[in-house]
Amino acid sequence: MPQIVAQPTALSFSAMLTDIVISTEAGSGTLTLELVHGTDRISLMEEKLTADDDGTITITDLPGLVDAYVRAYGRTTLEGTFTDGDGSVSLTPVTILFGAVDVGTTAQAFVDSHFLTVLDGEKITSLSRDERLYAYGEDESTVSADVRLPDGSFATLTAELQAVATEDGISQFDVSPRTILQLLDTTGAKLLYYTITSGQRKQLFHCIVEQVPPEPSFLFVNSFGCEELVHCTGTLKQSSKFDRQSARIRGRLRAYQVTEERQFTANTGWLNDAMAEWATDLLRSMEVCLWSREGRGRDIVITDSKNELENDDDYMPAYEITYTYAQRTHNIMHKRKAARLFSDQFEDIYN
């Protein structure tokens, strides 16, 4: 009878799937592999394979085989059967979560103790920013917040936070500062720090007073297939490149086509060490769009970036991100925005 010598663990990230090793005394056999998502069954392979001299068959590069499907579905199940002249044997079903990252431990250990993000440390935020967290296998969490009350005293408040959506076992939590303040239901309180706890998972946020609203904010698909937000507080530059086509028509030089490509260069502003490591996840993402208080904006493509990290004690990292619109027409009208330089008290101060 054939035997399964080795296979991926019961819960695995797609980028870290290990080899399948099958032992057979018949010398060859047929291997069938399928991905299952709900009622959909996707055939990955059905091949007759010949064993090596030691009687084993090894299936390598499973990540490359399943990546496109798991990226689309988020979570799938790998099933397989090997049949030779002596009988058949089946794989223990493998639940595959999309994860294009080496987390340094088993997938089960990671999802039990981490939210689905590469952020590992304190995150700086403010009342004007939207924030999200995702957890696998958990649809509720606890908020513990340090606030300054209207009378000037300080207090630690707690509340229960429910997921806003759950799909394929992955729950999304809205952990924006204004959502946390509404949840705590303390009028006039100032949010200082808050910690989101879900099972063994914890994420600390430091809520600062922000003089200038972020511009732009990016919504991107992270290394776990979940949507996160990066808010840029540095300088935003805009330029346009024009490709002009002209020709002599009836004796006159005429422009018959003008193509505009707008390019933007955003600066993240200063980042702490944890956020500097985390922000590189935006740069490797293939799905990015602009984000505002109104919600999802236009799709963009990041064309260049400058992200350098140094180990000097006084170094403060900030990244530059160059991007362009994904759509064909770049002649886009923008709503007028409030000035970013001065507050509405400027005239009173200098009169």
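- A side-chain N or O of Ser292 and one of Glu294 form a donor-acceptor pair less than 3.5 Å apart.
- Expressed to the nearest 0.5 Å, how far CD of Glu34 lies from CG of Asp40 amounts to 11.5 Å.
- Counting heavy atoms from C-beta on, the side chains of Cys232 and Phe218 come closer than 4.5 Å.
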Q: Walk me through it: do Ile321 and Leu283 pass the test side chain to side chain contact (heavy atoms under 4.5 Å, CB included)?
A: CA-CA 8 Å; Ile321 302 164; Leu283 307 182; 3.8 Å; yes
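- With a 6.0 Å radius and a threshold of 12 heavy atoms from other residues, nucleotides or ligands, Glu277 has its CD atom at or below the threshold.
- Note that the CD atom of Gln3 and the CE atom of Met1 stand 8.5 Å from one another [nearest 0.5 Å].
- Interatomic distance, CG of Leu290 versus CD of Glu215, reported as 10.0 Å (0.5 Å rounding).
- A distance-only check finds no donor-acceptor pair linking the side chain of Asp168 to the backbone of Ile170 [under 3.5 Å].
- For the atom pair CD1 of Ile4 and OG of Ser23, the computed distance is 9.5 Å after rounding to the nearest 0.5 Å.
- Under a hydrophobic clustering in which Ile, Leu, Val, Met, Phe, Trp and Tyr are joined whenever their side-chain heavy atoms come within less than 4.5 Å, directly or via other members, Leu44 and Phe13 fall into different clusters.
- At least one donor-acceptor pair closer than 3.5 Å links the side chain of Thr117 to the backbone N or O of Leu119.
- Annotation: side chain of Leu17 is in contact with side chain of Val66 (closest heavy-atom distance under 4.5 Å).
- Between the side chain of Asp52 and the backbone N or O of Asp54 there is no donor-acceptor pair closer than 3.5 Å.
- Salt bridge present: Glu260 and Arg262 bring a charged side-chain N and a carboxylate O closer than 4.0 Å.
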Q: Just do the side chain to side chain contact (heavy atoms under 4.5 Å, CB included) check on Thr92 and Gln7 with the steps written out, would you?
A: CA-CA 8 Å; Thr92 301; Gln7 71 162 77; 3.6 Å; yes
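- Remark: side-chain polar atoms of Ser198 are paired, donor with acceptor, to backbone N or O of Glu140 under 3.5 angstrom.
- A cation-pi arrangement, defined by a distance under 6.0 Å to the six-membered ring centre and an angle within 45 degrees of its axis, is present between Arg132 and Trp291.
- Not one N or O on the side chain of Asp19 forms a donor-acceptor pair closer than 3.5 Å with the backbone of Val21.
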**Q.** Residues Glu79, Arg41; criterion salt bridge (charged side-chain N to carboxylate O under 4.0 Å, His left out); working and verdict
**A.** CA-CA 10 Å; Glu79 297 180 356; Arg41 301 188 73 90; 2.7 Å; yes
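- Ring to ring, Tyr73 and Phe98 are not that close: their centroids are 6.0 angstrom or more apart.
- Counting non-hydrogen atoms of other residues, nucleotides and ligands closer than 6.0 Å to CD of Gln238 gives a total above 12.
- Taking the six-membered ring where the residue is Trp, Tyr193 and His206 present parallel rings, their angle staying beneath 30° rather than reaching 60°.
- Formation of a donor-acceptor pair under 3.5 Å by the Asp174 side chain with backbone atoms of Ser176 is found in this model.
- Here Glu210 pairs with Arg129 in a salt bridge; the nearest charged N to carboxylate O distance falls below 4.0 Å.
- Using a 4.5 Å cut-off between side-chain heavy atoms of Ile, Leu, Val, Met, Phe, Trp and Tyr, with links allowed through other members, Leu91 and Val70 fall into the same hydrophobic cluster.
- A salt bridge links Arg296 to Glu227: at least one charged side-chain nitrogen sits closer than 4.0 Å to a carboxylate oxygen.
- Without hydrogens or angle criteria, Arg201 side chain to Val111 main chain gives a donor-acceptor distance under 3.5 Å.
- Residues Trp278 and Val230 are in side-chain contact: their nearest non-hydrogen atoms beyond the backbone lie under 4.5 Å apart.
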Q: Dump the intermediate steps for side chain to side chain contact (heavy atoms under 4.5 Å, CB included) on Thr197 and Thr195, then the final yes or no.
A: CA-CA 6 Å; Thr197 304; Thr195 301; 3.9 Å; yes
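- At a cut-off of 3.5 Å, with distance as the only test, a side-chain donor of His231 or Ser217 sits close to an acceptor on the other residue.
- Residue Tyr325 places its OH atom among more than 12 non-hydrogen atoms of other residues, nucleotides or ligands, all under 6.0 Å distant.
- For Asp120, the CG atom counts as loosely surrounded, since its 6.0 Å shell holds 12 or fewer non-hydrogen atoms of other residues, nucleotides or ligands.
- The closest side-chain donor-acceptor pair between Thr60 and Thr58, if any, does not fall under 3.5 angstrom.
- Looking at Arg250 and Arg252, their side chains never come closer than 4.5 Å, going by heavy atoms from C-beta outward.
- Electrostatic pairing of Arg293 and Asp130 does not count as a salt bridge here, judged by no charged N lying under 4.0 Å from a carboxylate O.
- Clustering ILVMFWY residues whenever any of their side-chain heavy atoms sit less than 4.5 angstrom apart, transitively, puts Leu271 in the very cluster that holds Val118.
- Using a 4.0 Å cut-off between charged side-chain N and carboxylate O, Lys241 and Glu261 make no salt bridge.
- In terms of modelled atom types and a separation under 3.5 Å, the side chain of Asn222 and the main chain of Gly225 share a donor-acceptor contact.
- Residues Ile57 and Thr24 have side chains in contact (heavy-atom distance under 4.5 Å, counting atoms from C-beta outward).
- Donor-acceptor pairing under 3.5 Å is lacking for the side chains of Asp67 and Ser14.
- Its side chain within the 4.5 Å cluster rule, Leu133 clusters with Phe115, Leu127, Val143, Val147, Leu149, Leu157, Leu161, Phe173, Val175, Ile180, Leu181, Leu183, Leu184, Leu191, Tyr194, Ile196, Phe205 among the Ile, Leu, Val, Met, Phe, Trp and Tyr residues.
- Of the possible polar contacts, one joining the Thr233 side chain to the Thr268 backbone as a donor-acceptor pair under 3.5 Å is found.
- For the pair His330/Thr324, a side-chain contact is recorded, criterion being any heavy-atom separation below 4.5 Å from C-beta on.
- In this structure, Phe264 and Tyr323 have parallel ring planes: the angle between them is below the 30° cut-off, well short of the 60° mark.
- In this structure, Val5 and Ile22 have side chains that are not in contact, with every pair of non-hydrogen atoms separated by 4.5 Å or more.
- Considering only heavy atoms from C-beta on, Thr142 comes within 4.5 Å of Glu160 through its side chain.
- Residues Tyr134 and Cys226 come closest through the heavy atom pair CD1-CB, 3.5 Å.
- For Tyr136 and Phe224, the gap between ring centers reaches or exceeds 6.0 Å.
- The main-chain N or O of Ala135 is never found under 3.5 Å from a side-chain atom of Gln172 such that the two would form a donor-acceptor pair.
- Within the model, atoms OG of Ser171 and CD of Glu138 stand 8.0 Å from one another, a figure rounded to the nearest 0.5 Å.
- Atom OG1 of Thr76 is separated from atom CD1 of Ile96 by 4.5 Å, given to the nearest 0.5 angstrom.
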Q: Evaluate the criterion side chain to side chain contact (heavy atoms under 4.5 Å, CB included) for residue pair Gln108 and Thr9; output intermediate values, then yes/no.
A: CA-CA 9 Å; Gln108 189 67 62; Thr9 55; over 6 Å; no
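- A continuous path of ILVMFWY side-chain contacts below 4.5 Å connects Leu33 to Ile42, so both sit in one hydrophobic cluster.
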